[in-house]
Every structure is written in structure tokens, then in C-alpha cells.
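Take a look at the structure below.
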Protein chains: 2
Amino acid sequence: MLRLSKLTDYAVVIMARLAREGAGPDGRVQTAPGLAAATGIAEPTVAKVLKILGQAGLVEGVRGARGGYRLTRLLPAVPLAEVIAAVDGPIALTACVDGGAGACEAEAFCAVRGRWDPVNDAIRAALSSITLADLAGPGCCARPGLAPATASAAIPAE
Amino acid sequence: MLRLSKLTDYAVVIMARLAREGAGPDGRVQTAPGLAAATGIAEPTVAKVLKILGQAGLVEGVRGARGGYRLTRLLPAVPLAEVIAAVDGPIALTACVDGGAGACEAEAFCAVRGRWDPVNDAIRAALSSITLADLAGPGCCARPGLAPATASAAIPAE
DNA sequence: ATCAAATAGGACTGATTGGGTCCTCTTTGA
DNA sequence: TCAAAGAGGACCCAATCAGTCCTATTTGAT
């Protein structure tokens, strides 16, 4: 069904939540347990997603007491393709493309070998043109001067 | 990794092979065992894929002795999105979109609810703009007047 | 009329993948 | 010195999918 993993879905939700909580670049950090409570996602899963996002450089982890996570970029600067690549791995519809020779046993017969590249490029382009801000919607990107939202703040009706 | 299923990959290969064998609309039919031999895909799997494609109306099955399959449309008229939808199901990156209410337990918290639609549309558009002819490449679409290729015919160097 | 070839449809099984959890170590503010 | 929180890795269970097989139906050929 061409679906992406749940982890990627969670990643988008969590990053949107980080932005709403004011945990942007150089902002306050937000803890994994706090984000779990705010999003309804299980705490260990939230921690796992944040670790992955941290390795990809999409969020920054602050260790120690009073630690937590914050975004390294504002949502409009984060293309969806980057989040998917961080969580799900490289964006490629078939295993052939990056597997090189030998990955496909029907290589000698394969009539479509090497022709998936335009498809993958098209998908990548589509996912790169959409940013997390598009997914999070207005009101999710905390702007300077705005009162920081708390976890109990009402979610704006959409 | 956003990968589509192997069955979809097989479907593209098989349909490209059908075109190359001259089994286009109103053309000769090609048997499942013959296609299996020509593509290197296991015969039961070929049969399974053809059955699925037949239900979707992408190929036409002729029953009985001397039966087989033929394409219902020429490759340039078959968008890749249609093949993927036939084999893998509807193209949607998340389960939320078509599940309606109640499909997501975090619905009340979900900050990105309903915002995946533009993403799905972008993916669908990208996959609809590519036809099987693009994937099969030149030489795969048998034109009237051309000598019908046999299974042992050399595959044109690409 | 009978047989053989081939599709149609469905059921079943094994393996791969990924979601989810847990444990330990390190860091750091109180 | 302690507690809170992230970092990293290992592990287990479940869902999904690929692949196979069986049976019924159709239809041309003998």
C-alpha cells in the first residue's frame, strides 16, 4: 500500500509538537515523557523516535537533568523527505536501485532494470517540496513574541 | 524505505513482457508458464500476478486450451499508479486518510490529522504521470508490422 | 464425446520486517 | 551526592507479505 512506517508518522507529530511547545532552535527543551503525554504516543516509542531524529540532526538532545529535545530548524525549513529518509531510510521504491549488481536474481531477464530512477526522482521531488510546516498547519510554528504554548493549552480548532 | 511490494515489481516486468511478445489489445495471448520462462519469475507467482491484474482490468484472461493473457491497453496508456493500486492497494502513505474516524487512537491529540492529503495527492500525481512505457523503455511496445518477438529473441541492449 | 491445456479463485504456510519494550551507561543540574 | 534525562544497543512479538498448492471451470483439439 505504499505506506510509510508508523515511526515516520510519529516523527512528524512529535516534531510538530516540539514546534508548538516552543522547542525551536535556541528555545526551551522538551522532555520525551512530556512529549509522550502531549501526543498520546507511548513514552519508549517517543524516545526511540527522538533518538533517531537526533542522529539525523533534525532535533538536538540536551543531556542531563533538565535536559530534553529541541528542533534544530524551524518547521518550514524541514522537507518531509528528510524526515522520511531519517526514519525509514533512503527513499527508493525498489531494492534494485541502490543494491547494485547481484541484488536481483532476475537481473539478466529484467526488462525494466535501471528505469525506476525517474520514478524515484519524482517521488523524492514531491516529498521534498512539502515541509513539516505544511503538515503541521498554521499555529504550530511558534513565532518569537508569542506566548509559549503549554501542554494543556487548547488545540486550535482546524 | 517507502518500498513497494515485489508483486508490483513483477507486475511491471510481466506487463512489459506481454507488450514485447505482442500480446497487446486484440493481439495473441501469452500463457502464464510462457511468461514465467521469459521473465525468470516462478510460474505460480506469475499466475498470481496475472490474476490480480486481470481483476483490475489491466490484462484480459482467455480461458480454456490455447488460452492466455493479453493487455487491455497499450503501455503508454497505463499509468504506473494504476498498477500499484491494483497490486498494493490504494496509494496512501498513512492509514489515517481512508480509515475515517476511529482508525487512529491518538486522534484527539493528532496535530497533523487531515494534512497528509496534499502529500498523498503529490505522490499520486507523480506516479500517474509515469506510464509503463516509460518503465519498459523503447522497443518494448510492439508496433503493428513489426515481427513478433519470441521468448528466445535477444533482449535489446539498453 | 472425451481429453488436455489453461485460467479463476481461494486457502495455507513460512519468512522477513518493523513496532514496541527494556536495560545499561553517560551526562548534568540541584 | 543524587536524581533526572538522554544515548545507545539488544531483544521479542506480531503483522504482513511472498510464495505455493489445490480445486473448479472453461474451451479447443482429437
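All chains are named by letter (A, B, ...) in the order of the sequence lines, taking the proteins before the strands, and each is independently numbered beginning at 1. Note that the coordinates shown come from a computational prediction; the quantities given were computed from them, not determined experimentally.
Take B:Ala42 and apply the side chain to side chain contact (heavy atoms under 4.5 Å, CB included) test, not counting sequence neighbours, and it matches B:Pro44, B:Thr45. Applying the side chain to side chain contact (heavy atoms under 4.5 Å, CB included) criterion to A:Ala56, with sequence neighbours excluded, gives A:Leu58, A:Ala86. Checked against side chain to side chain donor-acceptor pair (under 3.5 Å), A:Thr8 has the following partners two or more places apart in sequence or in another chain: A:Ser5, A:Asp88. For B:Ala85, the side chain to side chain contact (heavy atoms under 4.5 Å, CB included) test picks out no residue, with sequence neighbours left out. Evaluation of the salt bridge (charged side-chain N to carboxylate O under 4.0 Å, His left out) rule for A:Asp121 yields A:Arg124 as partners, not counting sequence neighbours.
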N/O to N/O distances under 3.5 Å, protein versus nucleotides 12-15 of chain C:
none

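Here salt bridge (Lys or Arg N to Asp or Glu O under 4.0 Å) pairs that include residues 33-46 of chain A, with residues two or more places apart or in two chains, number zero. Sorted by first then second residue, the side-chain hydrogen bond (donor to acceptor under 3.5 Å, both in side chains) pairs that include residues 71-82 of chain A, not counting sequence neighbours, are A:Arg73-A:Glu82. Legend: side-chain hydrogen bond (donor to acceptor under 3.5 Å, both in side chains) pairs involving residues 46-62 of chain B, not counting sequence neighbours, sorted by first then second residue: B:Glu60-B:Arg70.
Looking at heavy-atom distances under 4.0 Å, A:Ala47 makes no contact with the nucleic acid at all.
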field: Nucleic acid footprint by protein, nucleotides 1-6 of chain D - heavy-atom cut-off 4.0 Å, B for base, S for sugar-phosphate alone
entry: ---BSB

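In terms of phosphate contacts, B:Tyr10 brings a side-chain nitrogen or oxygen within less than 4.0 Å of OP1 or OP2 of D:dG19.
An end-to-end axis angle of 10° holds for the helix from C:dA1-D:dT30 to C:dA30-D:dT1, taken from five base pairs per end and rounded to 10°.
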